[in-house]
Amino acid sequence: IGLELLDRVLPSVERPGRYVGGEWNAVVKDWDAVQVHLALAYPDVYEIGMSNLGLAILYDLVNRQPHALAERVYCPWPDMAAALRRVNLPLYTLETRHPIHAFDVVGFTLQYELNYTNVLEMLDLAGIPLHASQRDQRHPLIIAGGSSTYNPEPMAAFFDLFVIGEGEEVLLELLDLVRASRHEPRTAFLRRAAAIPGVYVPSLYQVGYHADGTIAAITPAEPGTPATVTKRIVPCLPPPPTRPVVPTVEVVHDRAAVEIQRGCSEGCRFCQAGMIYRPVRERPPAQVLAAVEELLRNTGYDEVGLVSLASSDYGEIEPLLQALVARFAKEHVSFSLPSLRVDAFSVRLAGLVQTTRKSGLTFAPEAGSARLRQVINKNVTEDDLLATAEAAFAAGWNRIKLYFMLGLPTETDDDVAEIARLSRRVLSVGQRHRGGRAQVHVSTSTFVPKPHTPFQWLPLTDLDVVDRRQRILREALRGRGLQFSWTAPTTTLLEAVLGRGDRRLSGIIERAWHAGAVFDAWAEHFRPSVWRDAFSTAGLDMRALAYRERAEDEVFPWEHIRVGVSRAFLAAERIRAEHGQPTPDCRDGCQRCGILEAFAAQRRLASRGVWQCP
């Protein structure tokens, strides 16, 4: 794409820095000197996509291969999309400004259901046919990975294949196959790709339905196709990227980041990430220290995020933080822990990394009452929270933020009232230590049942009920020292339907996009009426789909996707939830969910030898 064309559009759009590339540490390879070209596509704006660590890991890994290159492309904001169409300019990557239709593979990261229409927007802007069935070897291979692909069916019509699970090894295997199969018909290539563990090719499966619209069976369409696809698991974390691209405009997480641990052992029943990212694997402390050293030298950042689903569960977190603070104190480098347990130990950890200005601490009790926390297996007591508050306010913090969810299974108005009572108790602890400076910020979001969790069978709580319970909290959390914020559940219904939908939704997603649905995750662009009309035209009722409880033996749209945690374990956890029975942390003893057996089988796969486990 010539600069003269960009000169015609960039002066007229918001934040043109999103679209120019040229960032520090961006990898620009000789296009003609490599054999496989991959465009890594994130279906949201630059500021969101540049904050995605998974994308940065794959970008670094592919660009280390001498025969391949990876370049980046993000979804242009509507003003830029209109400008591209106005001058007939195809969507392009930032590194070399090649149109993405010129790449061999376009790999999308799917992290959130409300980005699905953005995928279609990007394909259309690139001049690539939307449907996999309309593409052949003249077109790029369109693939996807990410947490949303653990139910890939709503987007099945648009992708040639999905990578299920962790992509570090399987992506390189796919790129090798692309290189070796360049002149094969697309159908022959897809059959070979389906033999790679962790690769799901939707066109090789057929779905049968009962008369009531529920799924009867999901079966291979031809012999030799595996009946199920099990997620890929890397045996140990690959070396972290230490020369990441430094953005030219401010992004959501504008800091360096090191993944210190993958997976979580706590077993919260509402949490999809805690199920799909098992088992826990920790990065050795020495590797973290070395990575931080290189990151700071290569980027100029003065803040480093230590990334994990549960940072305070990392086995050597305290000595690691002590070593980091001792090493980088003179450089005034700060460290952040994005996920802390509700306990005094976490306060001590926070004290290590916030030695000067103590701005605030965030904890997630998730539910107000002890009963409801037992239902969701959030093993936090009221005494735990109050002791944590005591330690925090006594150590000099003025502000604590508490996260809760509304609409959890079995929730009552009394459970919601407990959120206010508990928050006021935390505030009283703060006032005793910090006087009028003490603040408690309460934030709520709406719970959405997700695939591969113990609550995958359950209905979404009626949003009218959620709205009423938000009003209860707005009234109960008035007063000095208290703040209340909430997520309006305007998009919750759509998220719930798309998250557990089947491949019939592909047509609805396409219809909504044609009607103008784009950037649905952004409140200013979300148009509920467009989606209601799209579902109505298809003869489907969004509310009926979201509010329906699934039968115990119902075949799910994701039945053929295996995450290593067995359906039997999830069903047993659902029963334990109904009886308020806790399940211990996996670190206290194996709970026999099935992931260790799956992991053992994965470790027998031949490794590419790209990195060595310590």
Novice: Using modelled atom types and a 3.5 Å cut-off, is there a donor and acceptor pairing between side-chain atoms of Asp462 and backbone atoms of Tyr547?
Specialist: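 Side chain of Asp462 to backbone of Tyr547: no pair is present.
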Novice: Is Gln591 reaching over with its side chain to a backbone N or O of Gly589, donor-acceptor style, under 3.5 angstrom?
Specialist: yes
Novice: Hey, what's the ring geometry for Tyr150 with His452, parallel, tilted or perpendicular (30° and 60° as the breaks)?
Specialist: perpendicular
Novice: Donor-acceptor pair, distance only, cut-off 3.5 Å: does the side chain of Glu23 make one with the backbone of Leu94?
Specialist: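 No; zero donor-acceptor contacts below 3.5 Å.
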Novice: Do Arg587 side-chain atoms and Glu266 backbone N/O form a donor-acceptor pair below 3.5 Å?
Specialist: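 No; judged by distance alone, with no hydrogens or angles, the pair does not exist.
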Novice: Does Arg421 use its side chain to pair, donor to acceptor, with the backbone of Ala417 at less than 3.5 Å?
Specialist: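 It does not hold such a pair.
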Novice: Just to verify, what does Glu573 make a side-chain hydrogen bond (donor to acceptor under 3.5 Å, both in side chains) with, not counting sequence neighbours?
Specialist: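 Only Arg269, Thr583 meet the side-chain hydrogen bond (donor to acceptor under 3.5 Å, both in side chains) criterion with Glu573.
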Novice: Do Trp77 and Tyr46 have ring centres separated by under 6.0 Å?
Specialist: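 Aromatic pair excluded; centres sit 6.0 Å or further apart.
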Novice: Counting N and O atoms only, with roles assigned by atom type, does the side chain of Asn377 sit under 3.5 Å from a partner on the main chain of Pro582, one being a donor and the other an acceptor?
Specialist: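 Judged by distance alone, no pair lies under 3.5 Å.
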Novice: In chain order, what residues pass the salt bridge (Lys or Arg N to Asp or Glu O under 4.0 Å) check against Arg548, with sequence neighbours excluded?
Specialist: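 With sequence neighbours excluded, Arg548 shows a salt bridge (Lys or Arg N to Asp or Glu O under 4.0 Å) to Glu554, given in chain and number order.
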Novice: Any salt bridge between Arg500 and Glu495, counting N to O under 4.0 Å?
Specialist: no
Novice: Check whether Arg281 reaches the backbone of Val234 with its side chain - one donor and one acceptor, N or O, closer than 3.5 Å.
Specialist: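 The answer is yes, because a donor-acceptor pair under 3.5 Å joins these two groups.
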Novice: So does Glu14 get a backbone contact from the side chain of Asp79, meaning a donor-acceptor N/O pair under 3.5 Å?
Specialist: yes
Novice: Begin from the C-alpha positions of Glu382 and Arg425 and carry the test salt bridge (charged side-chain N to carboxylate O under 4.0 Å, His left out) through to its verdict.
Specialist: CA-CA 10 Å; Glu382 183 167 329; Arg425 288 204 67 185; 2.7 Å; yes
Novice: Under 30°, 30 to 60°, or over 60°: which ring-plane class applies to Phe328 and Phe335, parallel, tilted or perpendicular?
Specialist: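 Aromatic pair Phe328/Phe335 classed tilted.
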Novice: Start with the C-alpha gap between His332 and Asp302, add the side-chain angles, then the distance that decides, and say whether side chain to side chain contact (heavy atoms under 4.5 Å, CB included) holds.
Specialist: CA-CA 7 Å; His332 303 290; Asp302 60 4; over 6 Å; no
Novice: Out of the candidates Tyr112, Trp531, Tyr116, Trp513, only one should pair with Asp520 under the side-chain hydrogen bond (donor to acceptor under 3.5 Å, both in side chains) rule; please name it.
Specialist: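 Option passing the side-chain hydrogen bond (donor to acceptor under 3.5 Å, both in side chains) with Asp520: Trp531.
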Novice: Testing Leu422, Ile419, Leu385, Thr362 for side-chain contact (heavy atoms from CB on, under 4.5 Å) with Leu402, which one passes?
Specialist: Leu385
Novice: Compare every heavy atom of Val530 with every heavy atom of Ala512, then report the nearest pair and how far apart it is.
Specialist: O-CG1, 3.5 Å
Novice: Step by step, would you call Val119 with Met155 a side chain to side chain contact (heavy atoms under 4.5 Å, CB included)?
Specialist: CA-CA 9 Å; Val119 172; Met155 294 293 282; 3.9 Å; yes
Novice: Does Arg434 count as lying over the ring of Trp397, i.e. NZ or CZ under 6.0 Å from the six-ring centre, within 45 degrees of the axis?
Specialist: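 Output no; distance or angle outside limits.
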Novice: Can you list every pair that meets salt bridge (charged side-chain N to carboxylate O under 4.0 Å, His left out) and has a residue in residues 361-374, with sequence neighbours left out?
Specialist: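 Listed by first then second residue: Arg371-Asp415.
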Novice: Which heavy-atom pair separates Val375 from Phe455 by the least distance, and what is that distance?
Specialist: O-CZ, 3.9 Å
Novice: If the threshold is 4.0 Å, N to carboxylate O, is there a salt bridge linking Glu282 and Arg262?
Specialist: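 Salt bridge: no.
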Novice: Taking all non-hydrogen atoms of both residues into account, name the closest pair between Ala546 and Leu493 and its distance.
Specialist: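 So the two residues come closest at CB-CD1, 3.4 Å.
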Novice: For Ser336, check side-chain hydrogen bond (donor to acceptor under 3.5 Å, both in side chains) against everything at least two apart and list the hits.
Specialist: none
Novice: For this output row, return yes or no: ring centroids of Phe484 and Trp486 closer than 6.0 angstrom.
Specialist: yes
Novice: Partners of Glu475 by salt bridge (Lys or Arg N to Asp or Glu O under 4.0 Å), sequence neighbours excluded?
Specialist: Arg478
Novice: Please check if the number of heavy atoms outside Glu331 that lie under 6.0 Å from its CD is greater than 12.
Specialist: yes
Novice: What closest approach, in Å, do Met122 and Phe108 show between heavy atoms, and which atom pair accounts for it?
Specialist: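 For Met122 and Phe108, the tightest heavy-atom pair comes out as SD-CE2, 3.7 Å.
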Novice: Please check if the side chain of Ser265 supplies one atom and the backbone of Cys586 the other of a donor-acceptor pair under 3.5 Å.
Specialist: no
Novice: Can you find a side-chain donor-acceptor pair between Glu390 and His433 that sits under 3.5 Å?
Specialist: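 The answer is yes; a qualifying pair exists.
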Novice: Working note: Arg468 + Asp464, criterion salt bridge (charged side-chain N to carboxylate O under 4.0 Å, His left out); need CA distance, chi angles, decisive distance, verdict.
Specialist: CA-CA 6 Å; Arg468 180 172 58 78; Asp464 293 336; over 6 Å; no
Novice: Once rounded to the nearest 0.5 Å, what's the spacing between atom CG of Leu114 and atom CH2 of Trp522?
Specialist: 12.5 Å
Novice: Do you know which two heavy atoms are closest between Asp384 and Thr388, and how far apart they sit?
Specialist: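 Nearest heavy atoms, Asp384 then Thr388: O-OG1, 2.7 Å.
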Novice: Count the heavy atoms of every other residue, nucleotide or ligand shown that sit under 6.0 Å from CZ of Arg297, and state whether that count exceeds 12.
Specialist: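 Yes, the 6.0 Å shell around CZ holds more than 12 heavy atoms from other groups.
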Novice: Assess whether side chain to side chain contact (heavy atoms under 4.5 Å, CB included) is satisfied between Ser147 and Ile276, documenting all intermediate values.
Specialist: CA-CA 8 Å; Ser147 59; Ile276 64 177; 3.9 Å; yes
Novice: Please tell me whether Thr242 and Glu294 have a donor and an acceptor in their side chains that are separated by less than 3.5 angstrom.
Specialist: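 Side-chain D/A pair, Thr242 to Glu294: present.
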Novice: Indicate the atoms forming the closest heavy-atom contact of Val258 with Ala291, along with that distance.
Specialist: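 Scanning both residues completely, I find the closest heavy atoms to be CG2-CB, 4.2 Å.
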Novice: Going through the checks in order, is the salt bridge (charged side-chain N to carboxylate O under 4.0 Å, His left out) test met by Glu113 and Lys450?
Specialist: CA-CA 11 Å; Glu113 295 86 353; Lys450 293 289 187 178; 2.9 Å; yes
Novice: With a cut-off of 6.0 Å (strictly less than), are more than 12 heavy atoms of other residues, nucleotides or ligands near CZ of Phe345?
Specialist: yes
Novice: Passes side chain to side chain contact (heavy atoms under 4.5 Å, CB included), Met542 versus Leu494? Steps please.
Specialist: CA-CA 8 Å; Met542 291 180 69; Leu494 180 60; 4.0 Å; yes
Novice: For Asn118 and Pro43, indicate whether the former's side chain and the latter's backbone hold a donor-acceptor pair under 3.5 Å.
Specialist: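 Flag set: sc Asn118 to bb Pro43 pair under 3.5 Å.
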Novice: Give the intermediate values and the outcome of salt bridge (charged side-chain N to carboxylate O under 4.0 Å, His left out) for residues Glu166 and Lys231.
Specialist: CA-CA 7 Å; Glu166 297 165 354; Lys231 76 170 185 181; 5.6 Å; no
Novice: Measure the spacing between CE of Met275 and CZ of Phe270 and express it to the nearest 0.5 Å.
Specialist: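 Separation between the atoms: 9.5 Å.
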Novice: Measure the spacing between CD of Glu293 and CG of Leu289 and express it to the nearest 0.5 Å.
Specialist: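 Going from the CD atom of Glu293 to the CG atom of Leu289 covers 8.5 Å.
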Novice: Pairs of donor and acceptor atoms involving the side chains of residues 306-325, under 3.5 Å and at least two apart or interchain, shall be tabulated with distances.
Specialist:
unit_1: Ser308; atom_1: OG; unit_2: Gln261; atom_2: NE2; d: 3.1
unit_1: Ser308; atom_1: OG; unit_2: Ala310; atom_2: N; d: 3.0
unit_1: Ser311; atom_1: OG; unit_2: Leu306; atom_2: O; d: 3.4
unit_1: Ser312; atom_1: OG; unit_2: Arg341; atom_2: N; d: 3.1
unit_1: Asp313; atom_1: OD1; unit_2: Arg341; atom_2: NH1; d: 2.2
unit_1: Tyr314; atom_1: OH; unit_2: Arg283; atom_2: O; d: 2.4
unit_1: Glu318; atom_1: OE1; unit_2: Arg348; atom_2: NH2; d: 3.2
unit_1: Glu318; atom_1: OE2; unit_2: Arg348; atom_2: NE; d: 2.9

